[in-house]
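Here's the structure we're looking at; comments come further down.
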Amino acid sequence: MRKIAIPVGDHNQIDEHFGHCKYYEIYTVSDENKIVDMQTLPSEEGCGCKSNIASVLANHGVNIMLAGRIGAGAINVLNKWNIDVIRGCSGSVETNIKQFVEGQISDSGETCMQHGDDHQCSH
C-alpha cells in the first residue's frame, strides 16, 4: 500500500504552489495499483516548509506527494519524514492520481527558488 498526498487549490486542481493549498487529498493505493480510499486533510495557514504539514502527512501514512511547484526547503522537510516528492504536476487532481497509478507521471526535477517576501516562486 502507498499513500499519496495531493495539494488541492481552486476547482479541484493541483495547487500551483504547495504551501498555499486549500487542503490535501490523500489517496490510498493498493499493491495492485487500485485506489482503495481517499481522505481530505485541511491545510494549515502559512508556508509549507515552515509548517508542520510534513509530520501531519507522515502521521497519516503518506509516503508520496504529487506537487506542482515546491521549494527545496519543503522537499527537504518532506523527505526527512520519508515522503517522496514528485514535482511538476498540474491540472486536475483526478487526472493526476489516475496517471500516477498507471505509471505515467515522473518527477520534473524542477524546484522553486528561495521564497521572497511575497512567498511566490521565482525562476
Side-chain angles (χ1 to χ4, degrees):
M1 293 277 208
R2 297 175 289 169
K3 283 203 172 184
I4 298 97
I6 302 177
V8 182
D10 293 327
H11 310 294
N12 206 35
Q13 302 285 306
I14 290 183
D15 198 289
E16 181 178 302
H17 194 280
F18 149 78
H20 299 170
C21 71
K22 293 183 182 239
Y23 59 93
Y24 296 88
E25 288 187 356
I26 300 174
Y27 292 85
T28 303
V29 178
S30 72
D31 293 335
E32 295 78 33
N33 286 329
K34 304 285 184 209
I35 297 170
V36 296
D37 188 40
M38 192 280 284
Q39 299 175 306
T40 301
L41 178 68
S43 176
E44 297 180 6
E45 291 292 321
C47 179
C49 62
K50 295 178 181 129
S51 73
N52 68 343
I53 192 61
S55 64
V56 171
L57 291 171
N59 288 335
H60 278 82
V62 170
N63 47 21
I64 298 170
M65 175 173 291
L66 302 184
R69 295 166 37 180
I70 186 169
I75 291 171
N76 289 338
V77 170
L78 289 162
N79 288 169
K80 285 179 186 173
W81 286 93
N82 297 314
I83 299 172
D84 293 326
V85 179
I86 298 175
R87 299 165 285 186
C89 299
S90 64
S92 160
V93 170
E94 183 178 329
T95 298
N96 277 271
I97 191 64
K98 285 181 181 177
Q99 288 176 341
F100 176 79
V101 168
E102 294 169 358
Q104 299 175 358
I105 290 182
S106 59
D107 183 41
S108 71
E110 293 181 18
T111 303
C112 285
M113 305 320 271
Q114 190 73 344
H115 290 301
D117 291 334
D118 62 356
H119 285 74
Q120 295 295 314
C121 292
S122 57
H123 294 273

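In what follows, every heavy atom counts, from backbone to side chain, and hydrogens, waters and symmetry copies are set aside.
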Single-linkage hydrophobic cluster Leu57~Met38, side-chain heavy atoms < 4.5 angstrom: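 As far as the 4.5 Å side-chain criterion goes, Met38 and Leu57 are not connected within one cluster.
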Verify same cluster id: Ile64, Val101 (apolar side-chain graph, 4.5 Å):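 Cluster IDs for Ile64 and Val101 match.
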Over all heavy atoms of both residues, which pair between [X] and [Y] is shortest? Give the atoms and the distance, please.
X	Y	answer
Ile14	Gly68	CG2-N, 3.9 Å
Ser90	Asn96	O-ND2, 2.8 Å
Val77	Ala54	CG1-CB, 3.5 Å
Trp81	Ser55	CZ2-CB, 3.3 Å
Ala58	Ile83	N-CD1, 3.9 Å

N/O donor-acceptor pair under 3.5 Å between Asn12 side chain and Ser92 backbone: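 Not confirmed, Asn12 side chain does not pair with Ser92 backbone.
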Min side-chain heavy-atom separation Val93-Tyr27 under 4.5 Å: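 Answer yes - side chains close enough.
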Rounded to the nearest 0.5 Å, what's the gap from [atom1] on [X] to [atom2] on [Y]? Could you check?
X	Y	atom1	atom2	result
Ile97	Glu102	CD1	CD	10.5 Å
Met65	Ile53	CE	CD1	7.0 Å
Ser106	Gln99	OG	CD	11.0 Å
Asn76	Ile70	CG	CD1	10.0 Å

Name of the residue among Asn63, Val29, Val36 meeting side-chain contact (heavy atoms from CB on, under 4.5 Å) with Met1: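 One option only clears the test, and that one is Val36.
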Matching residue for Tyr24 among Val56, Val62, Leu41 - test: side-chain contact (heavy atoms from CB on, under 4.5 Å):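 Per the side-chain contact (heavy atoms from CB on, under 4.5 Å) rule, the option paired with Tyr24 is Leu41, out of Val56, Val62, Leu41.
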Sequence neighbours excluded, every pair satisfying salt bridge (charged side-chain N to carboxylate O under 4.0 Å, His left out) that has a member inside residues 83-100: Arg87-Asp107, Glu94-Lys98
Residue pairs, two or more places apart or on separate chains, that pass salt bridge (charged side-chain N to carboxylate O under 4.0 Å, His left out) and touch residues 51-63: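 Residue pairs passing salt bridge (charged side-chain N to carboxylate O under 4.0 Å, His left out), neighbours aside: none found.
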Can you give me every donor-acceptor pair (side chain of residues 2-10, partner residue at least two apart or in another chain, under 3.5 Å) with its distance?
residue: Arg2; atom: NH2; partner: Asn33; partner atom: OD1; Å: 2.4
residue: Lys3; atom: NZ; partner: His60; partner atom: O; Å: 3.0
residue: Asp10; atom: OD1; partner: Lys22; partner atom: NZ; Å: 2.8

